[in-house]
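Nothing here was measured: the structure is a model prediction, and the numbers come from that model. Throughout, protein chains are lettered first and strands after them, A, B, ... in sequence-line order, and every chain is numbered starting at 1.
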2 protein chains.
Amino acid sequence: MKRNTWQREAVKTALSERGDFVSAQRLHADLKQAGSTIGLATVYRTLTDLVSADEADALQSPDGENLYRACSSEGHHHHLICRNCGHTEEISAEAVEAWAATVAAEHGFTQPRHVVDVFGLCATCSAATSA
Amino acid sequence: MKRNTWQREAVKTALSERGDFVSAQRLHADLKQAGSTIGLATVYRTLTDLVSADEADALQSPDGENLYRACSSEGHHHHLICRNCGHTEEISAEAVEAWAATVAAEHGFTQPRHVVDVFGLCATCSAATSA
DNA sequence: TCCTTATTGATAATGATTGTCAATATGGAT
DNA sequence: ATCCATATTGACAATCATTATCAATAAGGA
């Protein structure tokens, strides 16, 4: 029986105000710098709950650290992420859904699920790199 | 300047004899049980080197732990992995390559790279589950 | 054979994440 | 408004995969 607490609300708001993926550590540091007394464990718990409630997405960084981002659209989607600045855009992936289902079936696999993330340099960072 | 050592050879062989993804911890435990004195740090180092040399693939488990698998085919490929038994098959993914490139370009992203893995229940496990 | 230096392995260190538990707060009943 | 059951918090401890440290050892070339 989940209860609403001011801490959960604060974490949720902090995450929503960020458009990009962010780690629990980072989010906690930001909240702390803004004067919040919320504990790190609470940040982790809240983020985990948001993911379970399909209100946020989780992603593993190359380092193995979990990153979180508030969902800006409902339903199944994927991410296009700038590996320089972190800017993230949500993308639909019907083509990949179909492909994954087909490939799985061809190999006799059932209950297919897929992990698909696209990284690159966003327009802004691409332009900066060229200069 | 990498040198060939009997330890590296042993780790490489152990990995090759496994067709599925395996963690460094697991591989180390197996080697130890088989009487080997190779240290855990050496297993990690060797696996990391194999990945750098494109002789092995790395994958992050949902737990955040890194898993490794010897490459059985050259060049770019992806994996179809049974989340029950770990059985793994390599699959090409031209369709996804194309999709990723197109999506990235549509959003102004350059230097696109993607992470694509498909999980499901392999034929054997699917059959076992149905029984 | 000797020598340079890469590598090893036991152990320590690191850092993200989760567990613990007394204290606190939520939300519903009265 | 008060009371109560219990969910939640947060400081700190625990966990665990991974990497760093460094004396000892080994590879590879002269």
Centroid separation H79(A) to F21(A) less than 6.0 Å: yes
Gap between atoms CD and C1', on Q60(B) and dT18(D) respectively (whole Å): 13 Å
Gap between atoms NZ and C1', on K2(B) and dA26(D) respectively (whole Å): 15 Å
Nearest-nucleotide comparison on DNA chain D, the residue closer to the 5′ end among W6(A) and E65(B): W6(A)
Whole angstrom value for the distance that separates P of dT18(D) from NE2 of H28(B): 13 Å
Salt bridge flag under 4.0 Å for residues D49(B) and R45(B): no
Distance below 4.0 Å between R3(B) side-chain N/O and dA26(D) OP1 or OP2: no
Whole-Å distance separating the OH atom of Y68(B) from the P atom of dA17(D): 12 Å
Base dG9(C) paired with R45(B) side chain (donor-acceptor, <3.5 Å): yes
Five-pair end axes of the helix from dT1(C)-dA30(D) to dT30(C)-dA1(D) and the angle they enclose, rounded to 10°: 30°
Under-4.0 Å side-chain N/O to phosphate OP1/OP2 contact, Y44(A) with dT17(C): yes
Atom pair distance, as rounded to whole Å: CG in L27(A) and P in dA16(C): 14 Å
Any donor-acceptor N or O pair under 3.5 Å, side chains T46(B), Q7(B): no
Polar side chain donor-acceptor pair, H78(A) to D117(A), under 3.5 angstrom: no
Salt bridge (Lys or Arg N to Asp or Glu O under 4.0 Å) between R69(B) and E55(B), worked out: CA-CA 9 Å; R69(B) 180 177 179 274; E55(B) 297 187 51; over 6 Å; no
Whole-Å gap separating C1' (dT7(C)) and CG (L40(B)): 16 Å
Phosphate-side-chain proximity, N4(A) and dT26(C), N/O vs OP1/OP2 below 4.0 Å: no
Residue of the set I81(A), L59(A), L67(A) for which side chain to side chain contact (heavy atoms under 4.5 Å, CB included) holds with T88(A): I81(A)
Between P of dT8(C) and CD of E9(B), the distance in whole Å: 12 Å
Gap between atoms CG and P, on L47(A) and dT18(C) respectively (whole Å): 11 Å
Below 4.0 Å: OP1/OP2 of dT7(C) and any side-chain N or O of Q7(B): no
Sugar-phosphate, base or nothing in reach of D63(B), heavy atoms under 4.0 Å: nothing
Taking every non-hydrogen atom, the tightest pair across D20(B) and C85(B): OD2-O, 4.3 Å
Of S23(B) and R8(A), the one whose closest DNA chain D nucleotide lies more 5': R8(A)
Side-chain N,O (T5(A)) to OP1/OP2 (dA7(D)) below 4.0 Å: no
